[in-house]
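This report concerns only the one structure given below.
Values in this document were obtained by computation on a predicted structure and should not be read as measured data.
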Amino acid sequence: MLKIKTPKTHRAKRALEKHAPKLVENGKKTLILHGTKTSNVLNSVLTQIYHLKRDSAVKYTKKNENIRPFESGGETSLEFFSLKTDCSLFVFGSHSKKRPNNLVLGRMYDHHVYDLVEVGVENFKPIDSFEYDKKITPRIGSKPFFAFIGEGFESVEELKHLKEVLLDLFRGEVVENLDLAGVDRVFVCTAISSTTVFLTHCALRLKRSGTSVPRMELVEVGPSMDLVVRRHRLPNDSLKKEAMKTASDQPKKKIKNVSSDIVQGKIGKIYIPDQQVGNMPLSNEIKGLKRERREAKKNKVNGDHQSKKRKTDPL
């Protein structure tokens, strides 16, 4: 039987709570890894991806000989690094004669491999090769636009899968509202063929248009590359259904002085202000007295009232 270890210190308990499922999850981090052999082009690609995601990425520079994402048993070290760094996305680069300049993009669910997309990098241009005004350089951590051009992203299964992975890889944290001044970059993906996608990174330049909405121009700032889809692996239906679950019931707001009990149901406490019983006027018709005494007391009060009236009447 597996031994269940419980945290013995507050620090260990906080670490477990940090990795535990939440109603609103933290932003996704990306793990960048090198394979047994990499080329200069691939090293530059991994460095550029880390530069674009510097605020939410972890990069390992050592070579990993035992990571083979598409092979059985070659995912153990990858899942260990994912658990160690709390990363739900990864980019793995390797280079061989059969698959030169190879990139494997993948997502994790519960620190296990969820899906994989393998692409080859061609016609790579780094950031340094582009000339532009440095004032429009996109800021780190800003939210990007995405433009997917081509029917292949809707009809070809490989490109549809690549589109989902690229969106998860570069979109950053999910927000509800955006400031127009904070949106300063665009990722343009063009489907050249059923297996090739041209990816480029552009900066947004805002210009006057005579209206409240400015005119936008795209300035290519790099990097840019052709991604050729080689292999991809989709998750099975049961795993996909489990990963796509959302919390339907929002946490209820606690009502003050109300609790629930299994037997008695809903229990509430009602606070009543102090009643000044001693200062309350008492009625002459007290129901606690007997009828005869009550009537005698009533007649006596009426008689006293009549006598007082006669004394005050003028002659």
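- Considering only residues two or more places apart in sequence or on other chains, Ser94 meets the side-chain hydrogen bond (donor to acceptor under 3.5 Å, both in side chains) condition with none of them.
- Between Arg107 and Glu164, the shortest heavy-atom contact is NH2-OE1, 3.5 Å.
- Screening residues 138-147 for side chain to side chain donor-acceptor pair (under 3.5 Å), with sequence neighbours left out, gives Ser142-Asp184, Ser142-Arg185.
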CA sep, side-chain torsions, deciding dist, call: His111, Ser82, side chain to side chain donor-acceptor pair (under 3.5 Å): CA-CA 6 Å; His111 301 295; Ser82 171; 3.3 Å; yes
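- The two atoms that bring Val119 and Asn102 nearest to each other are O-OD1, 3.5 Å, heavy atoms only.
- When every heavy atom of Pro214 is checked against every heavy atom of Ser209, the shortest pair comes out as CA-OG, 3.8 Å.
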Can you list the steps and then say if Leu31 with Lys59 is a side chain to side chain contact (heavy atoms under 4.5 Å, CB included)? CA-CA 6 Å; Leu31 178 64; Lys59 186 174 183 292; over 6 Å; no
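- Between Leu218 and Cys202 the shortest heavy-atom distance is CB-CB, 4.3 Å.
- Put simply, the side chain of Phe90 does not reach to within 4.5 Å of the side chain of Leu105, judged on heavy atoms.
- Between atom CZ of residue Phe153 and atom CG of residue Leu162 there is a gap of 6.5 Å, rounded to the nearest 0.5 Å.
- Salt bridge annotation for Lys63-Glu65: absent, with no cationic side-chain nitrogen under 4.0 angstrom from a carboxylate oxygen.
- Under the 4.5 Å side-chain criterion, counting only non-hydrogen atoms from C-beta, Glu217 is in contact with Lys207.
- Using a 4.5 Å cut-off on side-chain heavy atoms (C-beta onward), Thr36 and Asn64 make no contact.
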Take Val121 and Asp226, measure what side chain to side chain contact (heavy atoms under 4.5 Å, CB included) needs, and give me the verdict at the end. CA-CA 6 Å; Val121 179; Asp226 290 339; over 6 Å; no
Would Asn101 and Val45 count as a side chain to side chain contact (heavy atoms under 4.5 Å, CB included) here? Give the steps. CA-CA 9 Å; Asn101 300 327; Val45 170; over 6 Å; no
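- Here the side chain of Ser44 pairs no donor or acceptor atom with the backbone of Asn40 at under 3.5 angstrom.
- Remark: His112 engages Glu79 in a side-chain hydrogen bond (donor to acceptor under 3.5 Å, both in side chains) (not counting sequence neighbours).
- Sorted by first then second residue, the side chain to side chain donor-acceptor pair (under 3.5 Å) pairs that include residues 197-206, not counting sequence neighbours, are Thr200-Glu220.
- Within 6.0 Å of CG on Asp237 lie no more than 12 heavy atoms contributed by other residues, nucleotides or ligands.
- Contacts of Ala15 classified as side chain to side chain contact (heavy atoms under 4.5 Å, CB included), with partners at least two apart in sequence or in another chain: none.
- Taking a 4.5 Å side-chain heavy-atom cut-off between Ile, Leu, Val, Met, Phe, Trp and Tyr, the cluster of Val263 contains only that residue.
- Clustering ILVMFWY residues whenever any of their side-chain heavy atoms sit less than 4.5 angstrom apart, transitively, puts Leu206 in the very cluster that holds Phe145.
- Under a hydrophobic-cluster definition in which Ile, Leu, Val, Met, Phe, Trp and Tyr are linked whenever side-chain heavy atoms come within less than 4.5 Å, directly or via other members, Leu234 and Leu159 are assigned to different clusters.
- Here the shortest heavy-atom pairing between Pro223 and Leu52 reads CD-CD1, 4.0 Å.
- The shortest distance between side-chain heavy atoms of Val58 and Asp86 does not fall below 4.5 Å.
- Clustering ILVMFWY residues whenever any of their side-chain heavy atoms sit less than 4.5 angstrom apart, transitively, puts Val156 in the very cluster that holds Phe146.
- Around atom NZ of Lys134, more than 12 heavy atoms belonging to other residues, nucleotides or ligands sit under 6.0 Å away.
- Residue Leu83 belongs to no hydrophobic cluster, having no ILVMFWY side-chain heavy atom closer than 4.5 Å to its own.
- Here Thr38 contributes atom OG1 and Leu46 contributes atom CG; the two are 7.5 Å apart, rounded to the nearest 0.5 Å.
- In this structure, Asp115 and Arg233 have side chains that are not in contact, with every pair of non-hydrogen atoms separated by 4.5 Å or more.
- Residues passing the ring-ring contact (aromatic ring centres under 6.0 Å, His included) test with Phe81, sequence neighbours excluded: Tyr60.
- Using a 4.0 Å cut-off between charged side-chain N and carboxylate O, Glu154 and Lys160 make no salt bridge.
- For the atom pair Glu242 CD and Asp110 CG, the distance stands at 7.5 Å (nearest 0.5 Å).
- At a threshold of 4.5 Å between non-hydrogen side-chain atoms, the residues Val186 and Leu204 count as touching.
- Nearest heavy-atom pair across His95 and Pro100 is ND1-CA, 3.5 Å.
- The cluster map of Ile, Leu, Val, Met, Phe, Trp and Tyr, joined by side-chain heavy atoms under 4.5 Å apart, puts Val91 and Tyr114 in different clusters.
- Taking a 4.5 Å side-chain heavy-atom cut-off between Ile, Leu, Val, Met, Phe, Trp and Tyr, the cluster of Val219 extends to Ile127, Phe130, Tyr132, Ile136, Val221.
- Atom CD1 of Ile67 is separated from atom OG of Ser77 by 5.5 Å, given to the nearest 0.5 angstrom.
- Here the OG-CD distance, from Ser224 to Gln48, works out to 10.0 Å after rounding to the nearest 0.5 Å.
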Determine, stepwise, if the pair Glu158 / Thr195 fulfils side chain to side chain contact (heavy atoms under 4.5 Å, CB included). CA-CA 7 Å; Glu158 291 83 355; Thr195 58; over 6 Å; no
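- Ile272 belongs to a hydrophobic cluster whose other members, connected by ILVMFWY side-chain contacts under 4.5 Å either directly or through intermediates, are Ile270.
- Side-chain atoms of Lys29 come within 3.5 Å of backbone N or O of Thr85 as a donor-acceptor pair.
- Within the 4.5 Å cutoff, the side chain of Glu118 has no heavy atoms near those of the Val229 side chain.
- Taking 4.5 Å as the limit, some side-chain heavy atom of Cys189 sits within range of a side-chain heavy atom of Leu166.
- Between the Lys62 side chain and the His34 main chain, no donor and acceptor come within less than 3.5 Å of each other.
- Listed by chain and number, the residues in a ring-ring contact (aromatic ring centres under 6.0 Å, His included) with Phe92 amount to none (sequence neighbours excluded).
- If you chain together hydrophobic residues whose side chains sit under 4.5 Å apart, Val197 and Val41 fall into the same group.
- For residues 213-243, the pairs satisfying ring-ring contact (aromatic ring centres under 6.0 Å, His included) are His161-His232, with sequence neighbours left out.
- For the pair Thr196 (side chain) and Ile192 (backbone), a donor-acceptor distance under 3.5 Å is absent.
- Taking CD1 of Ile49 as the reference point, atom CZ of Phe170 lies at 5.0 Å (rounded to 0.5 Å).
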